[in-house]
Amino acid sequence: MGLSNFYLPEAITQTAKDIDGLFGMIFWISLVAFILVEALLVIFLIRYKRKHPDKQGLAIHGNTKAEVIWTMIPALILVGIGIYSSGMVYTIQEPPTDVYEIKVTGMKWAWEFEYPNGAKTYGELRIPENENVLFKIYSKDVIHSFWIPEFRVKQDAVPGRETRFWVKAETFNNAENKYEKRIICAEYCGNQHSNMLADLQIMPADEFTAWVDKELTRPKTDAQYVIQSNGCTSCHTIDGGKSAGPTWKGLFGKKQIVNGQEVTVDEKYLEEAIMTPDAKTPEGFNSGMMPAFQLEPDAMKNVVEYIKSLK
Amino acid sequence: MAATGDVKRKSFFRDWILTVDHKKIGIMYALTSIIFFFFGGLAAILIRTQLAMPDTQVLEPQQFNQAFTVHGTIMIFLWIIPMLTGAFGNYLVPIMIGAHDMAFPRMNALSYWLFLLGGLVLFASFFVGAVPDVGWTAYPPYSIESQGAGLDFWVTAVHILGLSSILAAINFIVTTWNMRTEGMTFNRMPLFVWANLVTSFIQLFGTPALAGAVTTLLLDRHFGTVFYNVAEGGDPMMYQHLFWFYSHPAVYVMIIPAMGIVSEILPVFARKPIFGYKAIAYSSIMIGFLGFMVWAHHMFVAGMQMSEGIPFMITSMIIAVPTSIKIFNWLATLWGGQIKFTTPMLFVSLGFLGLFTIGGLGGIMLGAVPVDLHLHDTYFVIAHFHYVILGGSMTAILAGMFYWFPKVTGRMYNEKFGQVGFWLYFIATNLTFFPMHFIGMAGMPRRVFFYQPELTTLNQLATLGSYLMGVAALLLFINLAYSLFKGEKASQNPFGAQTLEWTHASSPPTEFNFEAMPVVTADPYQFGEQKDGKSLDDDGVTA
């Protein structure tokens with residue numbers, strides 16, 4: 001109804017288009033009500049401005065017929081909107097039977113996506129084009145909310161519960177078929193809530209299958225993989241920028257103040273900081289912010305080497 | 001503040017600290033909540049300053065989280081609610097029903113001191129460096145895990161404030177029920193008293209749910225209970241149900257008395273009887289009832305099955321009906337009137353009616369489950385509730401402050417600066433909050449300290465608006481503060497109103513409000529003249 005391009009992001013599923021339709025419908029009804037009320041208000045205020053200090057208005061205490069009319073009309077319109085919306089809720093809620101399931105897990109402060117073959121990605125979600133995809137949403141710690149504005153749908157990730165929604169995505173209106181940082185956490189989840197973003201990419205089905213198979217074989221001890229999968233970069237930048245945790249750029253060999261004492265960051269310190277982060281929190285940062293990570297020896301070695309390389 | 005009548009002045013301590021006079025308690029509520037409001041506003045300006053640029057670092061993330069937590073908590077628990085029920089309710093209800101004081105004057109004083117204590121406990125968190133950062137809703141498990149004593153201060157403050165509300169509500173209900181003067185039947189009560197009565201019932205029934213919610217948070221944190229601990233069989237969604245079972249009705253605690261203020265002021269300056277007295281009075285009751293049946297519309301995406309939202313969507317839609325009844329009745333009150341544009345009249349007509357309508361219509365979009373799937377927890381929600389709470393409740397508070405200022409202080413406010421203040425406030429409100437509808441639609445969630453660069457212009461408009469709002473608020477309060485000392489002396493009834501505080505009490509009223517107990521014979525809005533000597537009304541009420 002003409003609203004789709006007006007500050008609403010691109011709608012890339014039929015559901016999103018339907019929701020926009022309902023949004024448009026309520027918008028136009030509201031606009032009429034808005035104009036009616038504001039126009040009457042302004043007209044009355046101008047028309048009935050007091051001209052003489054002693055003049056009185058008309059002694060009208062009420063009019064039952066008028067009151068019944070202006071009660072019934074909004075009531076009927078609102079009930080109508082309610083009934084129409086209810087029908088839509090069932091359509092959005094019921095997934096088709098042939099769905100591709102992706103497990104979405106929110107954690108402070110990253111998104112993990114697990115595909116049916118066991119492959120996992122972090123900070124990046126890829127889905128096949130024109131196929132029904134069902135997201136099963138979980139949380140590892142606090143409540144997050146999995147939101148992709150282009151789908152017009154969000155669902156909270158609640159610890160101890162599975163929430164879900166399904167989509168059938170068409171292609172994006174851009175060359176790479178990819179939207180950066182459009183997977184958003186919409187429920188406040190602490191310090192780095194604003195940073196809990198991920199990319200979305202829609203691929204032709206065959207390309208997607210090839211990608212997800214290859215992704216499965218990616219080495220699990222690879223530094224990049226370990227860093228992504230543990231959400232390290234939500235709090236640690238690699239370019240010297242400020243964030244919740246110390247930046248990794250130039251960190252190795254740097255002297256930090258820990259409990260009033262100077263400590264040089266070496267391999268041993270880094271390993272300790274990853275496995276028991278609260279033991280030696282550097283000055284300027286809060287303890288209790290970072291969870292403890294148990295890494296495989298190879299993974300640990302690769303990560304430490306990676307941090308060393310960031311001069 | 002002006003002396004209250006002809007009783008000999010003893011000392012500041014006896015006069016104010018030990019007072020049980022409902023008028024003085026009302027004034028103390030007002031002054032205290034205005035001071036709190038100043039800090040809440042400062043937090044808002046900090047938030048908007050951080051958001052003036054997409055990626056600035058005026059605040060650390062942690063400080064930003066503290067700023068919005070403190071802003072929300074102060075504005076709701078320490079400004080709007082205590083101002084409407086504590087200040088306006090305490091000052092006006094006994095005089096409006098023709099009583100000497102509240103039913104339980106000492107309990108009334110206790111309510112005030114608990115309110116002050118609750119506020120101070122929240123502020124104490126600043127001094128120990130543990131400001132709460134959990135958002136004003138404090139959802140677990142995040143709130144349970146959050147570091148430091150911030151949440152403990154927050155819970156303690158909410159508890160004390162809740163106790164204060166419950167005591168005040170009991171007091172208002174008993175006062176309104178038992179202490180009306182001769183002839184003051186329920187159907188002759190001023191509409192503000194009706195509003196306050198309904199509000200008191202909401203507080204009485206709703207607050208215990210909030211107390212339960214925050215108590216269990218505290219128990220989980222410190223005493224090893226597992227209400228919200230999933231690993232041990234708890235469920236974090238239970239908190240949301242309890243929290244919103246109070247906090248949605250609390251929205252009506254913030255709006256029904258505001259509607260009462262509007263209903264008092266409109267007829268006086270339109271020189272007309274209020275249109276449909278009973279419809280306005282009884283629709284408040286309907287809102288009060290329905291207010292308890294809509295809470296889960298805050299939880300459409302919280303993990304319930306989507307279709308479980310449908311009943312709550314329907315009740316949320318239905319609650320718009322009594323609200324629209326009021327809007328149309330107020331419009332009809334203006335029709336055929338003789339409207340005088342004083343500062344309070346501008347605030348209730350263009351201000352309240354104009355702004356609240358926008359907030360209400362935005363609410364219909366959020367009430368529809370499918371649309372809420374997109375808009376929930378975005379800036380659209382922020383736009384909606386600020387139009388309702390700032391555009392509605394706070395606008396009515398300002399209207400009421402100017403309207404009753406001569407009664408309370410015995411002096412007139414400055415009309416010219418009052419009107420300048422109104423226009424500045426009106427423009428600032430729209431500039432701050434209207435763009436937020438689009439910011440939210442485009443995909444900016446709440447409670448984030450940076451955003452996509454495309455939204456810079458809209459965010460900057462909002463920030464500019466918030467600065468303008470600060471100037472407007474200063475102008476309005478300076479007007480009142482200056483007029484307190486230098487304003488013209490006010491007569492008993494400068495606006496020609498017909499409620500008892502104007503017709504039977506001096507400005508300011510004496511210690512026991514009235515020289516002799518007033519006797520009431522009709523509803524308090526008998527304005528206007530008949531057209532051609534004939535009555536146009538069909539309710540059988542004659543002037």
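What you see is a predicted model, and the numbers here were worked out from it, not measured in a lab. Per chain, numbering begins at 1; letters A, B, ... match sequence-line order.
- Ranking B:S316, B:P273, B:A320, B:G443 against chain A, the residue ahead of the rest is B:P273, based on heavy-atom pairs under 4.5 Å.
- Contacts of B:Q240 with chain A are made by side-chain atoms alone, with heavy-atom separations under 4.5 Å and no backbone atom involved.
- For a residue to count as touching a neighbouring chain, one of its non-hydrogen atoms must lie under 4.5 Å from one of that chain's; by this rule A:L45 touches chain B with backbone and side chain alike.
- Heavy-atom distances place both the backbone and the side chain of B:I325 under 4.5 Å from chain A.
- Of the two parts of A:E38, only the side chain, counted from C-beta on, holds a non-hydrogen atom closer than 4.5 Å to a non-hydrogen atom of chain B.
- With a 4.5 Å cut-off on non-hydrogen atoms, A:Y90 touches chain B through its side chain but not through its backbone.
- Looking at A:E187, both its backbone and its side chain come within 4.5 Å of chain B, counting heavy atoms on both sides.
- Around the NZ atom of A:K49, the shell of radius 6.0 Å holds no more than 12 heavy atoms that belong to other residues, nucleotides or ligands.
- Both the backbone and the side chain of B:V448 have a heavy atom closer than 4.5 Å to some heavy atom of chain A.
- A:K108 and B:E145 are joined by a salt bridge, as a carboxylate oxygen and a charged side-chain nitrogen come within less than 4.0 angstrom of each other.
- Comparing A:V153, A:T71, A:D18, A:N191 by how many heavy-atom pairs each has under 4.5 Å with chain B, the most go to A:N191.
- One N or O on the side chain of B:K272 and one on the backbone of B:W335 form a donor-acceptor pair closer than 3.5 Å.
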Exercise. Run the numbers on B:Y142 and A:H193 for ring pair (Phe, Tyr, Trp, His ring centres under 6.0 Å), then give the verdict.
Key: CA-CA 12 Å; B:Y142 177 67; A:H193 166 57; 9.5 Å; no
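- When atom types are taken as modelled, the side chain of A:K181 and the backbone of A:D199 share no donor-acceptor pair closer than 3.5 angstrom.
- In this structure, B:Y277 and B:Y525 have tilted ring planes: the angle between them lies in the 30° to 60° band.
- Chain A forms more heavy-atom pairs under 4.5 Å with one residue of B:M299, B:Q57, B:M237 than with any other, namely B:M237.
- Interface remark: B:P236 contributes side-chain atoms only to the contact with chain A (heavy atom separation under 4.5 Å).
- The main-chain N or O of B:F449 is found under 3.5 Å from a side-chain atom of A:S194 such that the two form a donor-acceptor pair.
- The greatest number of non-hydrogen atom pairs below 4.5 Å with chain B, out of A:S145, A:A16, A:S139, A:G82, is found for A:G82.
- Per-residue counts of heavy-atom pairs under 4.5 Å with chain A were compared for B:V369, B:D372, B:L334; the largest is that of B:L334.
- Interface residue B:R447: backbone and side-chain heavy atoms are both found under 4.5 Å from chain A.
- In this structure, chain A has heavy atoms under 4.5 Å from both the backbone and the side chain of B:A302.
- Side chain of A:Q93 to backbone of B:M306: a donor-acceptor contact under 3.5 angstrom is found.
- Interface residue A:W70: backbone and side-chain heavy atoms are both found under 4.5 Å from chain B.
- Contact count against chain B (heavy-atom pairs under 4.5 Å) is highest for A:N195 among A:V42, A:N195, A:I43, A:L197.
- Between the side chain of A:W166 and the backbone N or O of A:E94, at least one donor-acceptor pair lies under 3.5 Å.
- Proximity to chain A involves both the backbone and the side chain of B:L350, based on heavy atoms less than 4.5 angstrom apart.
- Neither the backbone nor the side chain of A:R47 comes within contact range of chain B; no heavy atom of the residue lies under 4.5 Å from a heavy atom of that chain.
- The candidate with the highest count of non-hydrogen atom pairs below 4.5 Å against chain A, out of B:I439, B:D235, B:I327, B:T378, is B:D235.
- For B:I318, the side-chain contact (heavy atoms from CB on, under 4.5 Å) partners two or more places apart in sequence, or in a different chain, are B:L290, B:I314.
- Proximity of a side-chain donor or acceptor of B:K326 to a complementary backbone N or O of B:I280 within less than 3.5 Å is detected.
- With respect to chain B, the highest number of heavy-atom pairs below 4.5 Å among A:A66, A:C185, A:P149 belongs to A:P149.
- Both the backbone and the side chain of A:V37 have a heavy atom closer than 4.5 Å to some heavy atom of chain B.
- The candidate with the highest count of non-hydrogen atom pairs below 4.5 Å against chain A, out of B:M365, B:M304, B:E60, B:Q62, is B:M365.
- Using modelled atom types, no side-chain atom of A:R50 and backbone atom of B:F341 make a donor-acceptor pair closer than 3.5 Å.
- Using a distance-only test at 3.5 Å, with no hydrogens or angles considered, a donor-acceptor pair links the side chain of B:H384 to the main chain of B:G359.
- Among the candidates A:A33, A:P53, A:S30, the residue making the largest number of heavy-atom pairs closer than 4.5 Å to chain B is A:S30.
- Ring-plane geometry between B:F352 and B:F356 is classed as parallel, the angle between the planes falling under 30 degrees on a 0 to 90 degree scale with a further cut at 60.
- For a residue to count as touching a neighbouring chain, one of its non-hydrogen atoms must lie under 4.5 Å from one of that chain's; by this rule B:Y139 touches chain A with the side chain only.
- Residue A:L36 touches chain B through its side chain alone, counting heavy-atom pairs closer than 4.5 Å.
- Among the candidates B:P445, B:P267, B:G135, B:A270, the residue making the largest number of heavy-atom pairs closer than 4.5 Å to chain A is B:P445.
- Taking a cutoff of 4.0 Å between a charged side-chain nitrogen and a carboxylate oxygen, A:R161 and A:D156 do not qualify as a salt bridge.
- Ring-plane geometry between A:F146 and A:F135 is classed as perpendicular, the angle between the planes exceeding 60 degrees on a 0 to 90 degree scale with a lower cut at 30.
- With a 4.5 Å cut-off on non-hydrogen atoms, A:S85 touches chain B through its backbone and its side chain both.
- Judged purely by distance below 3.5 Å, without hydrogens or angles, the side chains of B:Q452 and B:E454 pair a donor atom with an acceptor atom.
- Contact annotation for A:I81: only side-chain heavy atoms (C-beta onward) come within less than 4.5 Å of a heavy atom of chain B.
- Among the candidates A:I184, A:L22, A:D141, the residue making the largest number of heavy-atom pairs closer than 4.5 Å to chain B is A:L22.
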